Amino acid sequence: LPALPLGLTGPGRILLTADGDPFTGMQAQAKLTGDDLAAGFDGQISPLAPGFSAKGKTDVHAVDLSPWLTTMSMAMPGFGDGFPADLSASAAFDGSALALSELTGTLGGSAVSGAVTLRGKGGQLQADGALDLDVLDTGWLTEALYGGRNAQGEGWSDAAFAQSVRLPFTGKLAVTAQKLLFAGLPEISDAGFEVRLGDDGAAVSGLKGAMAGGALTGLGDIRNSGASGILTTQFALKGADAAVLYPAAGVSGKADLAA
């Protein structure tokens with residue numbers, strides 16, 4: 001794995017045992033332990049067959065996974081607040097891609113399940129698949145593209161946007177979330193959408209969910225293009241509770257919105 005000498009973690013220890021023919025297949029168990037981290041693999045490996053391959057069960061448990069991900073050049077906004085992980089999956093590696101199926105557990109305090117295929121592309125991690133989340137807060141994406149809040153934690157920083165950005169991973173994911181959070185907007189429940197993550201932003205299509213008691217549909221695109229923030233969106237909200245949408249206005253009734 002690629003690693004940066006940042007000194008964020010203590011030493012990691014790997015224990016590997018394998019029995020069998022390295023050309024036709026070996027039964028193997030591997031364990032990685034470190035500061036508040038334990039990860040394991042149990043399955044079949046073929047280390048000397050044409051193209052290394054492996055298939056089995058894997059799991060990772062960490063009080064805070066963020067320093068380990070940062071060391072592997074996968075830092076994301078919010079990591080300073082901690083990023084606990086308790087995950088297990090069936091894993092299959094064919095020499096170029098790692099397929100994780102039957103993925104289940106918690107990540108960052110939110111329940112997660114699904115299937116994802118990971119591969120390296122152009123020196124960057126690419127993730128494709130489907131995920132079902134308990135809660136998805138999109139704040140990390142806007143902070144990754146445009147920068148964080150000011151030192152007091154209120155409002156955005158006065159600093160100019162970065163000339164270029166690089167998200168920790170790219171790919172195409174089908175996402176469902178019981179709760180979808182956008183800063184400044186009412187909570188979206190029972191959300192579903194497809195997202196394409198690129199080097200400079202994200203495109204969302206097929207968004208469906210419930211907001212303020214109404215039915216929400218839409219699509220959108222958010223990017224950082226040469227230090228210019230670009231946001232385009234189309235949406236429709238039907239049958240929403242006006243009192244929830246405009247709590248300070250003292251209004252009531254149903255509202256239909258489109259833009």
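Excluded from the calculations below are hydrogen atoms, water molecules and symmetry mates; all remaining heavy atoms, backbone and side chain alike, are included. Quick caveat: nothing in here was measured; it's all calculated off a predicted structure.
No side-chain heavy atom of Lys179 sits under 4.5 Å from any side-chain heavy atom of Leu133. A 4.5 Å side-chain heavy-atom check between Asp42 and Asp59 finds every atom pair outside the cut-off. Inter-residue side-chain proximity for Glu187 and Met211 is flagged as unmet; no heavy-atom pair is nearer than 4.5 Å.
The stretch residues 107-118 participates, sequence neighbours left out, in no side chain to side chain donor-acceptor pair (under 3.5 Å) pair at all. The side chain to side chain donor-acceptor pair (under 3.5 Å) analysis of residues 247-259, with sequence neighbours excluded, yields no pairs.
The minimum heavy-atom distance between Gly198 and Thr170, with the atom names listed, is C-CG2, 3.9 Å. The nearest pair of heavy atoms linking Gly139 to Asp137 is N-OD1, 3.0 Å. Closest heavy-atom contact between Leu245 and Leu257: CD1-CD1, 3.9 Å. Contact record, Ala54 with Phe41: CB-CZ, 4.2 Å, taken as the closest heavy-atom pair. Taking each heavy atom of Phe52 and Pro47 in turn, the nearest pair found is CD1-CA, 3.3 Å. When all heavy atoms of Ile230 and Ser225 are compared, the closest pair comes out as CD1-CB, 3.6 Å.
A continuous path of Ile, Leu, Val, Met, Phe, Trp and Tyr side chains, each step under 4.5 Å between heavy atoms, connects Leu107 with Val116, placing both in one hydrophobic cluster. A single hydrophobic cluster is seen to contain both Leu65 and Phe169, as judged by linkage of ILVMFWY side chains at heavy-atom distances under 4.5 Å, directly or through other members. Cluster annotation: Val244 and Leu237 are assigned to distinct hydrophobic clusters (Ile/Leu/Val/Met/Phe/Trp/Tyr, side-chain heavy-atom contacts under 4.5 Å, transitive). Tracing side-chain contacts under 4.5 Å through hydrophobic residues (I, L, V, M, F, W, Y), one never reaches Leu48 starting from Ile45; they form parts of separate clusters. Grouping the Ile, Leu, Val, Met, Phe, Trp and Tyr side chains by contacts below 4.5 angstrom, directly or via other members, places Val112 apart from Leu181.
Atoms CZ and CD, on Arg119 and Gln126 in that order, are 6.0 Å from each other to the nearest 0.5 Å. Between the OG1 atom in Thr138 and the CD1 atom in Ile222 there is a gap of 8.0 Å [rounded to 0.5 Å].
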Please tabulate, for side-chain N and O atoms in residues 87-95, each donor-acceptor pair with protein atoms closer than 3.5 Å (sequence neighbours left out).
unit_1	atom_1	unit_2	atom_2	d
Ser90	OG	Lys57	NZ	2.8
Ser90	OG	Glu102	OE1	2.6
Asp94	OD1	Ser96	N	2.9
Asp94	OD1	Ser96	OG	3.1
Asp94	OD1	Ala97	N	2.9

Only distances under 3.5 Å count here; give the side-chain donor-acceptor pairs of residues 14-26 to other protein atoms, sequence neighbours excluded, each with its distance to 0.1 Å.
unit_1	atom_1	unit_2	atom_2	d
Thr17	OG1	Gln29	OE1	3.1
Asp21	OD1	Phe23	N	2.8

Contacts under 3.5 angstrom, residues 171-178 side chains, donor-acceptor by atom type, not counting sequence neighbours:
unit_1	atom_1	unit_2	atom_2	d
Thr176	OG1	Asp132	OD1	2.6

Contacts table for residues 189-197: side-chain donor-acceptor under 3.5 angstrom, sequence neighbours left out:
unit_1	atom_1	unit_2	atom_2	d
Ser189	OG	Ala210	O	3.4

Leu207 and Phe235: side chain to side chain contact (heavy atoms under 4.5 Å, CB included), yes or no, with the steps?
-> CA-CA 9 Å; Leu207 173 63; Phe235 75 90; over 6 Å; no
Where do Thr58 and Leu100 land on the side chain to side chain contact (heavy atoms under 4.5 Å, CB included) test, with the steps shown first?
-> CA-CA 9 Å; Thr58 187; Leu100 299 174; 4.2 Å; yes
Could you walk me through whether Leu131 and Leu136 pass side chain to side chain contact (heavy atoms under 4.5 Å, CB included), step by step?
-> CA-CA 11 Å; Leu131 292 175; Leu136 175 58; over 6 Å; no
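Counting only distance, with no hydrogens or angles, the side chain of Thr232 and the backbone of Gly220 share no donor-acceptor pair below 3.5 Å.
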